[in-house]
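Computed from a prediction, not measured in an experiment: that's the story for all the values here. Remember, it's 1-based here, ligands and their atoms both numbered in the order they're listed.
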Amino acid sequence: MAGEIRVLISEQQIAKRLDELAEVIGRDYKNRKLHCIGVLKGSFIFMADLVRRLPMDVSCDFLTISSYGDLTKSSGVVKLLTDLTVPIEGKDVLVVEDIVDTGLTLDYLLGNLKTRNPASLRVATLLHKPTNKKIEVPIHYCGFTVPDRFVVGYGLDNRQLQRNLPYIGWVPGDGDNE
Ligand code: 5GP
């Protein structure tokens, strides 16, 4: 229930940080086209808010990855549920993720995407939870570093609910270590 959720990062903080990220990305890809790949489902709100702030030509595609099922702990098993709709060969690709936790999902995804020969491949993640890192993954643009708590909202779910919260919150006692 939404009443049990505590605010970790407010709507205003997210908006301000996205302005900053978009400025940096805009500078890095100046006069280039950017192909953004949103990792569903968790990144859909971040992706929508980020691409609307980008000044260059942007194309968008999505894929669906499953690594958690309905549990709050990583299973370590990554599955590609739906693939991209267009080839990425020769494109400047930015993977847009909701959160990097163990890094297993991103590691799998980057390995997969690299075989398709993009011109460049970078990662933007809204959140990074470094405490649970199991594998080193490159993160080029990061919104916020968060503590070891199960976070929800702004696209991130708790058993498929709470993605629609406009802020990032956490659920006391639900998968966090406090
Ligand atoms: P990783 O493979 O890095 O452990 O996990 C990445 C995926 O796990 C994310 O894309 C996200 O779907 C899910 N995940 C990891 N931590 C959290 C969390 O605190 N809250 C939610 N809702 N999902 C998480």
Side-chain angles (χ1 to χ4, degrees), residues 1-11 13-14 17-18 21 35-51 60-84 88 93-115 121-178:
M1 262 169 22
E4 293 168 0
I5 296 168
R6 306 208 185 144
V7 178
L8 187 65
I9 306 167
S10 71
E11 212 175 331
Q13 285 173 299
I14 296 171
R17 186 71 186 121
L18 260 60
L21 282 183
H35 188 63
C36 293
I37 295 180
V39 184
L40 296 174
K41 300 174 191 167
S43 76
F44 78 108
I45 294 180
F46 175 43
M47 172 99 162
D49 282 350
L50 182 67
V51 296
C60 299
D61 204 354
F62 296 90
L63 45 73
T64 314
I65 285 268
S66 152
S67 60
Y68 269 33
D70 272 347
L71 304 172
T72 57
K73 292 284 176 210
S74 179
S75 65
V77 179
V78 181
K79 276 190 293 183
L80 182 62
L81 299 181
T82 62
D83 205 351
L84 300 172
I88 58 169
V93 170
L94 181 66
V95 174
V96 180
E97 259 283 19
D98 56 352
I99 183 166
V100 177
D101 185 14
T102 62
L104 292 170
T105 305
L106 192 56
D107 183 64
Y108 164 83
L109 191 56
L110 292 176
N112 180 307
L113 294 177
K114 268 180 207 156
T115 65
L121 185 58
R122 287 191 168 193
V123 174
T125 185
L126 176 68
L127 305 173
H128 184 209
K129 207 194 279 183
T131 27
N132 293 333
K133 182 170 79 179
K134 287 196 180 151
I135 193 158
E136 195 71 48
V137 282
I139 297 175
H140 305 90
Y141 309 102
C142 177
F144 303 92
T145 299
V146 293
D148 186 15
R149 289 175 180 163
F150 186 74
V151 294
V152 297
Y154 198 73
L156 289 98
D157 76 308
N158 185 8
R159 297 173 180 87
Q160 296 304 326
L161 297 176
Q162 295 159 352
R163 293 189 195 276
N164 55 316
L165 297 175
Y167 55 85
I168 305 287
W170 63 286
V171 189
D174 193 1
D176 66 78
N177 288 340
E178 300 220 336

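- Among D101, I9, L127, the single residue meeting the side chain to side chain contact (heavy atoms under 4.5 Å, CB included) criterion with V151 is L127.
- D98 counts as a contact of ligand 1, since one of its heavy atoms falls under 4.0 Å from the ligand.
- Of the candidates K129, Q160, R163, K134, it is K129 that places a heavy atom closest to atom 19 (O) of ligand 1.
- The shortest distance between side-chain heavy atoms of V39 and L63 falls below 4.5 Å.
- At distances below 3.5 Å, not a single donor-acceptor pair connects side-chain atoms of R149 with backbone N or O atoms of G169.
- Side-chain contact annotation: R159 with Q162, donor-acceptor N/O pair under 3.5 Å absent.
- Counting atoms of ligand 1 from 1 in the listed order, those under 4.0 Å from a heavy atom of F150 are 18 (C), 19 (O), 20 (N), 21 (C), 22 (N), 23 (N).
- Applying the 4.0 Å criterion to heavy atoms of E97 picks out, from ligand 1, the atoms 10 (O).
- Counting only non-hydrogen atoms, the option in L126, T102, L106 that gets closest to atom 4 (O) of ligand 1 is T102.
- Per-residue contacts place R149 under 4.0 angstrom from the following atoms of ligand 1 (heavy atoms of the residue considered): 19 (O).
- Of all the heavy atoms of V151, the ones lying under 4.0 Å from any atom of ligand 1 are found in both the backbone and the side chain.
- Close N/O approach between N158 and ligand 1 is not found [any backbone or side-chain N/O within under 3.5 Å].
- Shown here for P166 and I14, the closest heavy-atom pair between the two residues is O-CD1, 3.9 Å.
- The option with the heavy atom closest to atom 5 (O) of ligand 1, from among T105, L104, I168, D107, is T105.
- Polar contact check, G103 against ligand 1: a nitrogen or oxygen pair lies under 3.5 Å apart.
- Residues L80 and I65 are in side-chain contact: their nearest non-hydrogen atoms beyond the backbone lie under 4.5 Å apart.
- Between the CD1 atom in I99 and the NZ atom in K129 there is a gap of 4.5 Å [rounded to 0.5 Å].
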